[in-house]
Amino acid sequence: MTVVRQLDKIKSWLETEICPQFKFKQPDDEHTDATYPYELVSPKVFILYVPPKELIGEAERVPSICIQFEEGSESMAKLSGVLNLRLYFAVFNPGEHYDYGVDRLFDANTEGWRDVWNLVDYIMKKLRDTELIEDMRVLKENGIHYGPASDQGAIPNFYPYYYAWVSFSVEYGIPSSKAQIKDLL
């Protein structure tokens, strides 16, 4: 239950501290031109996997942050554990949409990468400024790592979707069986 509990705490932190600060375009693959029904939404947060679009629809999958962990470890001697986390980000932006009087104009471009990297920059700043996420210590000595989504070293073009990631580590305490026994004596 410790892994589940820690991942839930990260999700809660993202939902309260990060997501409300951002609004991104909600995807509509059928209308990426001037007919796009412009709607801005905050990112959703998922743990381990983003549900398939067959279950929740593409508009519910993006924008999003998906929390995964690369590995974890526990030290019984130190009564602590470490989770190495990776956050995956997904945004949608086919270009600029303008309302010009009663007309709607659209300028297709590939500047949507700025949206995902603004989110990455903000998360990195928050991690630098945050000592604790609930009762987990951000392991600043392990650094923050980040990058674009890649496939065999190349950055694929998923226009109008843009992807990136940030990884960092947190440390959490684990209960001591000796302390639990001591309370019973």
Side-chain angles (χ1 to χ4, degrees), residues 1-22 24 42-56 60-92 113 115-156 158 161-185:
M1 293 273 285
T2 300
V3 172
V4 172
R5 196 170 317 131
Q6 306 317 321
L7 293 173
D8 284 340
K9 290 175 187 177
I10 297 294
K11 181 179 186 207
S12 176
W13 180 74
L14 289 167
E15 289 175 335
T16 59
E17 297 295 321
I18 306 299
C19 295
Q21 308 305 318
F22 287 89
F24 297 109
S42 292
K44 290 195 172 21
V45 180
F46 302 102
I47 297 176
L48 292 184
Y49 306 100
V50 175
K53 65 181 169 185
E54 294 79 22
L55 290 180
I56 64 171
E60 297 299 315
R61 294 167 35 98
V62 176
S64 67
I65 302 172
C66 183
I67 307 161
Q68 294 188 338
F69 69 94
E70 297 170 328
E71 71 174 353
S73 62
E74 289 191 352
S75 168
M76 298 312 295
K78 294 181 181 179
L79 295 177
S80 66
V82 172
L83 276 178
N84 298 321
L85 300 166
R86 184 169 281 202
L87 305 178
Y88 288 94
F89 308 101
V91 299
F92 167 88
W113 67 268
D115 290 346
V116 78
W117 285 101
N118 282 329
L119 182 55
V120 166
D121 285 341
Y122 186 79
I123 293 256
M124 290 184 355
K125 180 189 181 318
K126 286 297 272 188
L127 288 170
R128 286 190 301 268
D129 295 344
T130 299
E131 296 300 322
L132 294 172
I133 297 175
E134 293 200 25
D135 60 352
M136 295 177 293
R137 183 173 73 88
V138 177
L139 292 175
K140 296 180 183 196
E141 60 270 25
N142 289 4
I144 302 170
H145 306 272
Y146 54 92
S150 63
D151 183 18
Q152 299 179 13
I155 302 172
F158 293 112
Y161 293 89
Y162 299 90
Y163 303 93
W165 58 268
V166 168
S167 65
F168 64 100
S169 300
V170 293
E171 180 181 47
Y172 58 90
I174 55 176
S176 165
S177 59
K178 289 180 182 179
Q180 293 169 347
I181 292 171
K182 185 178 178 182
D183 288 343
L184 296 174
L185 297 177

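For residues 62-85, every residue pair satisfying the salt bridge (charged side-chain N to carboxylate O under 4.0 Å, His left out) rule, not counting sequence neighbours, is listed here: E70-R86.
V45 places a side-chain heavy atom less than 4.5 Å from the side chain of C19. Side-chain contact check for F89 versus I123: some heavy-atom pair is nearer than 4.5 Å. For the pair V170 and N84, the minimum side-chain heavy-atom distance is 4.5 Å or more. Here the side chains of I174 and M76 are in contact, with some heavy-atom distance below 4.5 Å. No side-chain heavy atom of V138 sits less than 4.5 Å from a side-chain heavy atom of L132. Between I67 and Y88, the closest side-chain pair of non-hydrogen atoms is not below 4.5 Å. Two residues are said to be in side-chain contact when any heavy atoms from C-beta on lie closer than 4.5 Å; M136 and Q6 meet this criterion. Within the 4.5 Å cutoff, the side chain of F92 has no heavy atoms near those of the P63 side chain.
At distances below 3.5 Å, not a single donor-acceptor pair connects side-chain atoms of S12 with backbone N or O atoms of D8.
Applying the side-chain hydrogen bond (donor to acceptor under 3.5 Å, both in side chains) criterion to E134, with sequence neighbours excluded, gives no partner residue. Remark: E54 engages no residue in a side-chain hydrogen bond (donor to acceptor under 3.5 Å, both in side chains) (not counting sequence neighbours). Every side chain to side chain contact (heavy atoms under 4.5 Å, CB included) that Y122 has, sequence neighbours left out, goes to I18, Q21, F22, K126. For Y172, there are no ring-ring contact (aromatic ring centres under 6.0 Å, His included) partners at least two apart in sequence or on another chain. Residues that satisfy the salt bridge (Lys or Arg N to Asp or Glu O under 4.0 Å) test with E131, not counting sequence neighbours, are K140. Every residue two or more places apart in sequence or in another chain was checked for a side-chain hydrogen bond (donor to acceptor under 3.5 Å, both in side chains) with Q152, and none qualifies. Take I56 and apply the side chain to side chain contact (heavy atoms under 4.5 Å, CB included) test, not counting sequence neighbours, and it matches F46, P51, E60, R61. In this structure, the salt bridge (Lys or Arg N to Asp or Glu O under 4.0 Å) partners of K9, at least two apart in sequence or on a different chain, are D135. For D129, the salt bridge (Lys or Arg N to Asp or Glu O under 4.0 Å) partners at least two apart in sequence or on another chain are K125. Residues meeting the side-chain hydrogen bond (donor to acceptor under 3.5 Å, both in side chains) test with Y161, sequence neighbours left out: D29. Remark: R128 engages no residue in a salt bridge (Lys or Arg N to Asp or Glu O under 4.0 Å) (not counting sequence neighbours).
Checked options L48, V82, I47; the residue passing with F69 is L48 (criterion: side-chain contact (heavy atoms from CB on, under 4.5 Å)). Put simply, the residue from T130, L87, N142, L139 that forms a side-chain contact (heavy atoms from CB on, under 4.5 Å) with F168 is L87.
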Evaluate the criterion side chain to side chain contact (heavy atoms under 4.5 Å, CB included) for residue pair L85 and Q68; output intermediate values, then yes/no. CA-CA 6 Å; L85 300 166; Q68 294 188 338; over 6 Å; no
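Between C66 and V50, the closest heavy-atom pair is CB-CG2, 3.8 Å. For W117 against G147, the heavy-atom pair with the smallest separation is CH2-C, 3.6 Å. Contact detail for S150 and P156: the closest heavy-atom pair is CA-CD, 3.8 Å.
To the nearest 0.5 Å, atoms OG (S169) and CG (L127) are separated by 10.5 Å. Once rounded to the nearest 0.5 Å, the distance linking CH2 of W13 with CD1 of I133 reads 4.5 Å. Annotation: the span from S167 atom OG to H145 atom NE2 amounts to 5.5 Å, rounded to 0.5 Å.
Here F158 and Y163 bring their ring centres to under 6.0 angstrom of each other.
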